[in-house]
Number of protein chains: 2
Amino acid sequence: MLKYQQIANEIQHDIEKKDLPQGTKLPVLETLMSQYKTSKSTVIKALSLLERKGLVYQVRGSGIFVRRRNRKGYISFSNQGFSDELSGFDITAKVLELDIRKPSAEVAFNLKIDSEDDVYYVKRIRYINGQILCLEESYYNKDIVTYLNNEIATGSIFDYISNALGAKIGFSDMYVHIQKLNEDEASHLGLLVGDPKLFVETIFYLNNGLPFDFSRISYNYEQSQFFFQSTGYSL
Amino acid sequence: MLKYQQIANEIQHDIEKKDLPQGTKLPVLETLMSQYKTSKSTVIKALSLLERKGLVYQVRGSGIFVRRRNRKGYISFSNQGFSDELSGFDITAKVLELDIRKPSAEVAFNLKIDSEDDVYYVKRIRYINGQILCLEESYYNKDIVTYLNNEIATGSIFDYISNALGAKIGFSDMYVHIQKLNEDEASHLGLLVGDPKLFVETIFYLNNGLPFDFSRISYNYEQSQFFFQSTGYSL
DNA sequence: CATTATAATTATACCGGTATAATTTATCAA
DNA sequence: TTGATAAATTATACCGGTATAATTATAATG
């Protein structure tokens with residue numbers, strides 16, 4: 001792990017361990033430099049990382065301060081996406097469908113592949129702490145996600161892609177809508193037709209810019225509480 | 001304006017002016033350095049800014065590339081919040097209520113003030129391109145937002161706070177829910193009771209960490225299409 | 001005591017350098 | 001032509017420095 005990431009982790013763990021409240025001032029840069037035996041720029045980079053994670057804020061001429069924490073029961077939604085920030089929640093999945101197929105025009109467009117190329121199609125229900133969280137339909141570029149099965153799809157597919165396939169997940173584009181549930185969705189989510197849903201279309205890219213996953217997710221509105229922190233641009 | 005922000009702007013304008021498609025490779029660092037007559041670190045900082053804005057992505061050993069753009073009609077939702085990213089949309093507002101009052105316990109808690117301190121309360125409907133976008137209730141700490149009137153609240157209150165009051169807006173915490181409209185909301189949004197809504201509670205902070213605005217917003221689901229880009233943490 | 005001016009503190013901008021890791025291109029061998 | 005190997009390209013990590021701007025603490029002033 002990189003030095004600045006390591007330092008960021010240690011500072012984060014320190015904040016969490018000591019349960020520091022909002023507004024607590026952290027040691028000044030100079031102190032952090034000697035504490036972690038590193039240069040100023042590396043400390044700054046670590047702090048910038050923590051600032052973008054929403055853990056601290058920095059005030060020029062004043063100091064570095066601890067930022068407010070999440071409300072309980074809210075899913076933290078960083079600019080990393082949902083999936084990794086689910087610590088503290090019990091996430092499981094039930095696979096409804098899993099097959100290899102040819103993509104529709106829309107899917108092919110979003111994955112930047114030809115309509116003759118193969119994709120893995122996965123339809124599943126995801127649970128959070130035993131409650132139905134969402135209904136997900138995902139299309140994976142088979143050239144990148146070379147293999148999938150039921151067992152893998154029952155767990156975290158992204159963990160599998162990162163760890164087993166060794167691919168590096170980069171960024172994503174999300175298109176968010178508020179809509180009413182249709183019949184199929186309502187039955188899977190255990191809700192009524194016309195009930196609210198959060199509907200999100202996402203294209204996930206590897207860190208080299210290749211799209212590997214196009215997904216459509218309908219969230220159960222009863223479980224949909226998200227915590228989101230903005231940071232401003234001047235980092 | 002800072003040099004690295006200036007450079008980021010110029011690169012952004014260049015991308016938009018030339019309408020460069022996704023995947024287009026930008027000049028290499030060395031070229032950008034001489035092009036903008038600045039040091040490596042400053043160029044890197046400018047590019048890091050653009051990366052967090054979702055405009056480019058960088059691949060080590062390969063280059064800097066243009067990222068996908070927004071779909072038409074979607075409100076771009078950066079980690080800056082909604083308000084500033086509404087270029088291309090016509091945003092207006094109608095003020096329903098505006099007064100000075102004592103905060104409830106919840107409002108006082110979120111603004112970190114005493115229940116005896118004054119707040120400005122503003123209730124208004126915001127329109128996007130003539131359509132009803134949302135119903136907003138906001139509480140402003142009167143020690144910070146010292147004056148408000150109907151005319152100001154008809155426009156952008158944040159612009160007023162930044163420009164006229166000279167305060168620097170820093171970051172925000174958002175709590176997002178999907179719910180059903182109640183009677184009051186439905187009547188103001190021109191929708192039916194039970195229709196979906198995106199309900200967002202936000203605490204806005206100045207750049208020195210002081211909370212100055214606590215707001216509750218109910219979005220019209222028919223106008224609620226948001227574009228959101230995640231970036232990964234390794235910037 | 002309140003206000004103002006000054007100094008100290010502190011984070012940030014900006015510079016330019018070396019070393020490193022990932023990718024791409026060129027080279028060579030089979 | 002293919003596949004492996006080496007070299008070149010390119011972004012990133014990390015260093016340490018000076019200058020600057022914002023804030024906070026201190027001193028001076030009325």
Side-chain angles (χ1 to χ4, degrees), chain A residues 1-9 11 23-52 55-67 166-171 205-210 231-235, chain B residues 1-9 11 23-52 56-67 144 166-171 205-210 231-235:
Chain A
M1 176 170 289
L2 297 171
K3 201 166 185 175
Y4 77 94
Q5 291 176 330
Q6 185 60 43
I7 293 170
N9 281 347
I11 294 174
T24 305
K25 185 172 177 176
L26 295 183
V28 300
L29 273 183
E30 194 113 357
T31 309
L32 292 172
M33 281 170 63
S34 57
Q35 191 169 328
Y36 293 104
K37 294 178 183 31
T38 186
S39 71
K40 188 175 41 172
S41 3
T42 304
V43 174
I44 288 175
K45 207 153 188 218
L47 289 169
S48 166
L49 191 59
L50 290 175
E51 188 159 18
R52 281 190 296 112
L55 265 101
V56 304
Y57 61 94
Q58 301 179 68
V59 185
R60 186 166 184 168
S62 181
I64 306 146
F65 304 92
V66 174
R67 197 167 157 185
K168 284 174 208 144
I169 296 168
F171 48 91
Y205 300 82
L206 298 181
N207 72 337
N208 63 5
L210 284 176
T231 51
Y233 281 139
S234 344
L235 301 188
Chain B
M1 176 170 289
L2 298 172
K3 202 166 186 176
Y4 78 94
Q5 291 175 330
Q6 185 60 44
I7 293 170
N9 280 347
I11 294 174
T24 305
K25 184 172 177 177
L26 295 182
V28 300
L29 273 183
E30 195 114 357
T31 310
L32 292 172
M33 281 170 61
S34 57
Q35 192 169 329
Y36 293 104
K37 294 177 184 30
T38 186
S39 71
K40 188 175 41 170
S41 3
T42 304
V43 174
I44 288 175
K45 206 151 189 219
L47 289 169
S48 166
L49 192 59
L50 291 175
E51 187 159 20
R52 280 190 299 114
V56 304
Y57 61 94
Q58 301 178 68
V59 184
R60 188 165 183 168
S62 181
I64 306 147
F65 303 92
V66 174
R67 197 165 158 185
I144 297 171
K168 283 173 210 144
I169 295 168
F171 49 92
Y205 300 83
L206 299 181
N207 73 336
N208 64 5
L210 285 175
T231 51
Y233 282 139
S234 345
L235 301 186

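Chain naming here is simple, since letters A, B, ... match the order of the sequence lines and numbering starts at 1 in each.
- Side-chain N/O atoms of A/Lys45 include none lying less than 4.0 angstrom from OP1 or OP2 on D/dT12.
- Distance B/Lys168 NZ to C/dA11 P: 17 Å, rounded to the nearest Å.
- Of the two residues contacting DNA chain D, namely A/Phe65 and A/Lys3, the nearest-nucleotide position lying further toward the 5' end is that of A/Lys3.
- Remark: B/Thr42 is not in phosphate contact with C/dC14, judged by side-chain N or O atoms under 4.0 Å from OP1 or OP2.
- Atom pair A/Ile44:CD1 and D/dA13:C1' shows a separation of 14 Å (rounding to whole Å applied).
- Of the candidates C/dA11, D/dC14, D/dT24, the closest approach to any side-chain atom of A/Leu2 belongs to D/dC14.
- If you take NZ on A/Lys3 and CD1 on A/Ile7, they are separated by 6.5 Å, rounding to the nearest 0.5 Å.
- Between A/Ile64 and A/Pro27, the closest heavy-atom pair is CD1-O, 3.8 Å.
- Separating the OH atom of A/Tyr4 from the P atom of D/dC15 is a distance of 13 Å, rounded to the nearest angstrom.
- Rounded to whole Å, the distance from CG on A/Leu49 to P on D/dT12 is 14 Å.
- Comparing B/Leu26 and A/Val43 along DNA chain D, the residue whose closest nucleotide (by nearest heavy atom) sits nearer the 5' end is B/Leu26.
- Donor-acceptor pairing under 3.5 Å, judged by distance alone, is present between the side chain of B/Lys40 and the base of C/dT18.
- What separates CD of A/Glu30 from C1' of C/dA11 is a distance of 12 Å, to the nearest Å.
- A straight line from CD of A/Gln5 to C1' of D/dC14 spans 13 Å, rounded to a whole angstrom.
- As rounded to whole Å, 10 Å separates atom C1' of C/dG17 from atom CE of B/Met33.
- Within the structure, a side-chain polar atom (N or O) of B/Thr38 is placed less than 4.0 Å from OP1 or OP2 of C/dC15.
- Counting any heavy atom pair closer than 4.0 Å across all strands shown, A/Ser41 reaches a base atom.
- With rounding to the nearest 0.5 Å, the separation of CD1 in B/Ile144 from CG in B/Leu206 is 4.5 Å.
- Rounded to an integer number of Å, the gap from B/Lys25 NZ to C/dT25 P is 8 Å.
- Between the side chain of A/Lys25 and the main chain of A/Ser62, a donor-acceptor pair closer than 3.5 Å is present.
- The nucleotide whose nearest atom lies closest to any side-chain atom of A/Gln58 is, among C/dA11, D/dA22, C/dA22, C/dA11.
- B/Ile64 comes within contact range of the sugar-phosphate backbone alone, with a heavy-atom separation under 4.0 Å but no base atom that close.
- Counting distance only, with no hydrogens placed and no angle test, the side-chain atoms of A/Arg60 and the base atoms of D/dT20 include a donor-acceptor pair under 3.5 Å.
- Counting non-hydrogen atoms of other residues, nucleotides and ligands closer than 6.0 Å to CD of B/Gln6 gives a total above 12.
- The side chain of A/Ser39 lies closest to D/dC15, out of D/dA11, C/dG16, D/dC15.
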